[in-house]
Amino acid sequence: MTAVESNGLIHNVHDAPFPDADILDVISLLSPDEQEQLLEIRQHLQDNIRKQVIEYWNREEFPFEMLPALGDLGLGELAVSDCSWLFRGLVYAEVARVDVSLCALVGIHNELILGMVHQLGSDAQRAQWLDKLRNFEATGCFAMTEPDHGSDVAGGMETTATKTANGWIIHGEKRWIGGGTSADFALVWARDTDTENVKGFLVRMDLPGVSAEKISDKIGLRVIQNADIVFDNVELSDADALPGAAEFSAANEMLRNSRIWVGWQAYGAQMHAFDVARDYVLGRKQFGQPLAKFQLVQQDLAEMISNAMASFGLMHQVARLQAEGRVQMVHAAMAKSTGSRMLRDSAARARNMLGGNGIISTYEAAKIFTDAEIVHTYEGTYEINSLIVARAITGMSSFV
């Protein structure tokens, strides 16, 4: 509890009319059962992960021992549960409210791994992997981006899949693959050398010819382990192909939902930045007064919480469109680009408010600040997502 004595009084966040950052009472939009579940998840994350994960971030290590408890709370099976889309998004936000990297793992796991095996996999693949994925007993990675192809990977993909009498040969390289150093399998997208169609394959990471190397020295998202992965003429059986992923368009729904969870991630990280900044300025005295009494500080706090609530308004509408089956890629692109822009602004304000302490990871603001730079770039850069929105409102594509 943050508290500071001023004029004989003890001030802390609970003295404020809105002690929680949720000043719009967002949680009331959920059913009573989902409200209770979300509060249980929030309590666990705040008590057992928020501070504990900082040293993992410093060391660029992933806290695997934290996953079983997250599995027990249902975070490994959001994409196949009967929860509402709003609850699903708010869970992602709560994870980002303690650590963006951990949210990246949970989001990728649900939207790109569990969701893809469930929707596009064979009966045998679902039987082998779904139960293990639901409780984080197993993890996968989504291998699409390549060293020379990010935004243009759909048309420029160089990883190949060559048909053989017994199956397939996968050859190529992938880059920036989240969780790639520890995954049990990779969902690999490769171009069929006969048809030129881009197809999906489930490739076990222990197969001969598969190697993964951690990408080190990142400035942000240091907890999740991104990897360079090489597939050197890896032999697969026909059973390793994903029957529902016979062409690249099969990935559209997963990629769309993935961008939407990044929008939720940006909202949650904004809440984290606000939590950190408000706690700090309530507890820090300068010139005989708490920093929270100064007008410039209050202005920043007001803009930060307004950014967060505006982001939520956008995400709430996207969740409604998802529930109605009307969500499109333009909505996902707008959610991701707008949320990441607002996060960048709020994270910078939080870092600045902490002064010198704002550059030390243990005070959290620096951690959020650098993580925000990654959110601005991954799952489609800010610019690419903005151009997707512009294409939808002009009818003209500016992509070359």
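In this chain, numbering begins with 1 at the start of the sequence shown.
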Passes side chain to side chain contact (heavy atoms under 4.5 Å, CB included), K174 versus D228? Steps please.
CA-CA 6 Å; K174 300 293 184 179; D228 286 316; over 6 Å; no
Walk me through it: do L301 and V281 pass the test side chain to side chain contact (heavy atoms under 4.5 Å, CB included)?
CA-CA 10 Å; L301 288 175; V281 298; 3.9 Å; yes
Take L102 and L70, measure what side chain to side chain contact (heavy atoms under 4.5 Å, CB included) needs, and give me the verdict at the end.
CA-CA 10 Å; L102 194 60; L70 297 185; 4.0 Å; yes
Please test F369 against I359 for side chain to side chain contact (heavy atoms under 4.5 Å, CB included), starting from the C-alpha separation and ending with a verdict.
CA-CA 9 Å; F369 178 81; I359 67 172; over 6 Å; no
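Taking 4.0 Å as the cut-off between side-chain N and carboxylate O, E379 and K336 do not count as a salt-bridged pair. Comment: R344 engages E373 in a salt bridge, judged by a side-chain N to carboxylate O separation of less than 4.0 angstrom. For the pair E146 and R175, the salt-bridge criterion is not met [side-chain N within less than 4.0 Å of a carboxylate O]. A salt bridge does not link R97 with D22: none of the charged nitrogens is closer than 4.0 Å to a carboxylate oxygen. At a threshold of 4.0 Å, the pair R134-E77 counts as salt-bridged, since one of the basic side-chain nitrogens sits closer than that to a carboxylate oxygen.
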Quiz: residues 194-209 side-chain donor-acceptor pairs under 3.5 angstrom, not counting sequence neighbours:
{"from": "T195", "atom 1": "OG1", "to": "D192", "atom 2": "OD2", "distance (Å)": "3.4"}
{"from": "T195", "atom 1": "OG1", "to": "N197", "atom 2": "N", "distance (Å)": "3.2"}
{"from": "K199", "atom 1": "NZ", "to": "D192", "atom 2": "OD2", "distance (Å)": "2.8"}

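Remark: the backbone N or O of G140 is not paired with any side-chain donor or acceptor of D184 at under 3.5 angstrom. In this structure a side-chain-to-backbone donor-acceptor pair under 3.5 Å is present from N110 to A79. At distances below 3.5 Å, not a single donor-acceptor pair connects side-chain atoms of R88 with backbone N or O atoms of C83. In this structure a side-chain-to-backbone donor-acceptor pair under 3.5 Å is present from Q52 to D47. When atom types are taken as modelled, the side chain of H109 and the backbone of G76 share a donor-acceptor pair closer than 3.5 angstrom. When atom types are taken as modelled, the side chain of D240 and the backbone of S237 share a donor-acceptor pair closer than 3.5 angstrom. Of the possible polar contacts, one joining the S340 side chain to the S337 backbone as a donor-acceptor pair under 3.5 Å is found. For the pair T181 (side chain) and K214 (backbone), a donor-acceptor distance under 3.5 Å is absent. When atom types are taken as modelled, the side chain of Q322 and the backbone of L86 share no donor-acceptor pair closer than 3.5 angstrom. Remark: side-chain polar atoms of R191 are paired, donor with acceptor, to backbone N or O of M157 under 3.5 angstrom.
A 4.5 Å side-chain heavy-atom check between D33 and F87 finds every atom pair outside the cut-off. Residues W85 and N257 meet the side-chain proximity criterion, which asks for heavy atoms closer than 4.5 Å. In this structure the side chain of K367 reaches within 4.5 angstrom of the side chain of V53, judged on heavy atoms. For the pair L90/E94, no side-chain contact is recorded, criterion being any heavy-atom separation below 4.5 Å from C-beta on. Counting heavy atoms from C-beta outward, I54 and N58 have side chains that approach closer than 4.5 Å. Counting heavy atoms from C-beta on, the side chains of L187 and I113 come closer than 4.5 Å. Here the side chains of E364 and D275 are not in contact, with every heavy-atom distance at 4.5 Å or above. Between L282 and P290 there is no side-chain heavy-atom pair separated by less than 4.5 Å.
For I219, the CD1 atom sits in a packed shell: over 12 heavy atoms of surrounding residues, nucleotides or ligands are nearer than 6.0 Å. Other residues, nucleotides and ligands place no more than 12 heavy atoms under 6.0 Å from the CD atom of E36. Annotation for E324: atom CD counts as buried by contact number, over 12 foreign heavy atoms lying within 6.0 Å. By the 6.0 Å contact criterion, CE on M342 is enclosed, its count of non-hydrogen atoms from other residues, nucleotides or ligands being greater than 12. Heavy-atom contacts from other residues, nucleotides or ligands closer than 6.0 Å to CG of N166 number 12 or fewer. Around atom CD of E213, no more than 12 heavy atoms belonging to other residues, nucleotides or ligands sit under 6.0 Å away. More than 12 heavy atoms of other residues, nucleotides or ligands lie within 6.0 Å of OH in Y378, so this atom counts as buried by the packing criterion. Within a 6.0 Å radius of CG in L39, other residues, nucleotides and ligands contribute more than 12 heavy atoms.
The shortest non-hydrogen separation linking A245 to L120 is CB-CD1, 4.1 Å. Looking at every heavy atom in both residues, G121 comes nearest to L242 through CA-CD2, 3.6 Å. P243 approaches Q125 most closely through the heavy-atom pair CD-OE1, 3.9 Å. Across A266 and V375, no two heavy atoms sit closer than the pair CB-CG1, 4.4 Å. Smallest separation of non-hydrogen atoms from A350 and A273: CB-O, 3.8 Å. A21 and R278 get closest at one heavy-atom pair: N-NH2, 3.9 Å.
For the atom pair CD of E40 and CZ of R42, the computed distance is 13.0 Å after rounding to the nearest 0.5 Å. In this structure, the separation between OH on Y92 and CD on E111 is 3.5 Å, given to the nearest 0.5 Å. Note that CG of D232 and CD of E173 are 9.5 Å apart. Values are rounded to the nearest 0.5 Å. We find the CD1-NE2 distance between I388 and H331 to be 12.5 Å, quoted to the nearest 0.5 Å. Considering CZ of R349 and CG of N307, their distance stands at 7.0 Å, rounded to 0.5 Å.
With sequence neighbours excluded, no residue forms a ring pair (Phe, Tyr, Trp, His ring centres under 6.0 Å) with H118. With sequence neighbours left out, R222 forms a salt bridge (charged side-chain N to carboxylate O under 4.0 Å, His left out) with E60.
In the hydrophobic clustering of ILVMFWY residues, with side-chain heavy atoms under 4.5 Å counting as a link, W57 and V276 come out together. One hydrophobic cluster, built from ILVMFWY side chains closer than 4.5 Å, cannot hold both F185 and F231; they sit in different ones. A single hydrophobic cluster is seen to contain both I224 and W261, as judged by linkage of ILVMFWY side chains at heavy-atom distances under 4.5 Å, directly or through other members. Both F312 and M304 are part of a single hydrophobic cluster, where members link through side-chain heavy atoms under 4.5 Å apart. A chain of hydrophobic side-chain contacts below 4.5 Å, direct or via other Ile, Leu, Val, Met, Phe, Trp or Tyr residues, connects V26 to I23.
With respect to S311, the side-chain hydrogen bond (donor to acceptor under 3.5 Å, both in side chains) criterion is satisfied by exactly one of R341, H316, Q270: Q270. Test D99, L105, I49 against M66 for side chain to side chain contact (heavy atoms under 4.5 Å, CB included) and you get one pass: I49.
Donor-acceptor pairing under 3.5 Å is lacking for the side chains of S182 and Q225. Q299 and E303 share a side-chain donor-acceptor pair at under 3.5 Å.
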